[in-house]
Amino acid sequence: MTAPVFVVDELPDSRAVFVLDGPEGRHAVSVKRLHAGEEVVLTDGAGRWARGEVVSTEGRDRLALALGEVIEEPAETPRITVVQALPKGDRGELAVETMTETGVDAIVPWAASRCITQWKGERGLKALAKWRATAREAGKQSRRVRFPEIAEASTTKQVAALVARADFAAVLHEDRDYPSQPLADAELPSSGEIVLVVGPEGGVSPEELALFESAGAKAHRLGRSVLRTSTAGTAATALLLGRTGRWS
């Protein structure tokens with residue numbers, strides 16, 4: 001099994017002995033029960049990382065690591081951003097977790113017109129914090145060193161502006177009365193930005209579809225079955241990662 005990943009605010013520029021403490025140190029010592037000689041990976045979650053070997057542990061929340069060279073992992077291309085309509089309950093965290101594990105680069109929460117859940121005031125701040133914490137933990141679990149960016153919640157107009165800047169954009173929409181193309185057959189760019197828009201359980205409204213289409217996003221479908229909003233982004237991301245060669 002690959003070495004466990006721990007997140008730090010900043011990595012040193014050269015090889016050094018590094019002390020991991022606080023919540024990450026506690027998790028390493030008390031939960032993972034790491035001992036001298038075992039290997040770990042430290043990352044800032046933004047692409048910088050280094051292998052480390054445990055030298056010693058102290059108490060329940062401190063361990064000293066002999067770090068190797070700090071490496072800068074380049075950003076993947078094409079970059080995949082999923083605009084995720086706000087689901088009910090904890091399905092938002094589920095969507096963030098599985099998309100992170102799959103390999104998405106950025107997630108944009110979207111307050112679609114048919115969303116039952118709305119992020120307002122303190123509730124919205126707490127929900128956004130949960131999404132970001134979920135992405136961080138899922139990034140560690142899946143051994144990533146560059147975690148997905150979780151943006152502030154966007155309006156439909158803001159999503160349309162994001163779509164307009166993309167090199168390829170698609171709205172995942174399944175409606176027998178509305179023309180759509182298979183995402184598996186779409187012509188994809190080899191670099192740049194791909195944006196996928198995932199609607200709420202009630203679907204993307206006709207007004208939203210028209211706005212996104214005018215911005216350059218066509219309606220696409222994944223297959224014969226209709227996926228829930230919490231799983232559609234993950235399935236679409238996996239499809240694109242395979243088709244663009246990022247999973248090669």
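- Among residues two or more places apart in sequence or in another chain, the side chain to side chain contact (heavy atoms under 4.5 Å, CB included) test is passed with V226 by E174.
- With contacts defined as side-chain heavy-atom distances shorter than 4.5 Å, the pair V5/W49 does not qualify.
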Item to check | Worked verdict on K140 versus F147 for side chain to side chain contact (heavy atoms under 4.5 Å, CB included) | outcome: CA-CA 8 Å; K140 291 164 57 179; F147 302 162; 3.9 Å; yes
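- A salt bridge is absent between R136 and E93: the closest approach of a Lys/Arg side-chain nitrogen to an acidic carboxylate oxygen does not fall below 4.0 angstrom.
- Listed by first and then second residue, the side chain to side chain donor-acceptor pair (under 3.5 Å) pairs involving residues 95-120 are T98-T234, D105-R246, W110-T156, S113-E208 (not counting sequence neighbours).
- Residue-environment remark: CG (L125) exceeds the threshold of 12 foreign heavy atoms within 6.0 Å.
- Taking 4.5 Å as the limit, some side-chain heavy atom of L65 sits within range of a side-chain heavy atom of V54.
- Contact check on E39 versus R51 returns a salt bridge, with a Lys/Arg side-chain nitrogen under 4.0 Å from an Asp/Glu carboxylate oxygen.
- By the 4.5 Å heavy-atom criterion applied to side chains, E38 and K32 are not counted as neighbours.
- To the nearest 0.5 Å, the span separating CG on L183 from CG on L239 amounts to 5.0 Å.
- The only option from V83, L86, V96 that meets the side chain to side chain contact (heavy atoms under 4.5 Å, CB included) definition with P109 turns out to be L86.
- Under the 4.5 Å side-chain criterion, counting only non-hydrogen atoms from C-beta, P189 is in contact with I194.
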Item to check | Criterion side chain to side chain contact (heavy atoms under 4.5 Å, CB included) on L196 and L240, from CA distance to verdict | outcome: CA-CA 10 Å; L196 298 172; L240 295 184; 3.6 Å; yes
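- Distance check: T134 OG1 to L94 CG gives 9.5 Å after rounding to the nearest 0.5 Å.
- Residues meeting the side chain to side chain contact (heavy atoms under 4.5 Å, CB included) test with A66, sequence neighbours left out: V55.
- Residues H173 and K218 are not in side-chain contact: their nearest non-hydrogen atoms beyond the backbone lie 4.5 Å or more apart.
- For the pair Q84/T229, a side-chain contact is recorded, criterion being any heavy-atom separation below 4.5 Å from C-beta on.
- Distance CZ/R132 to CD1/I150: 7.5 Å, rounded to 0.5 Å.
- Within the 4.5 Å cutoff, side-chain heavy atoms of E193 are placed close to those of T81.
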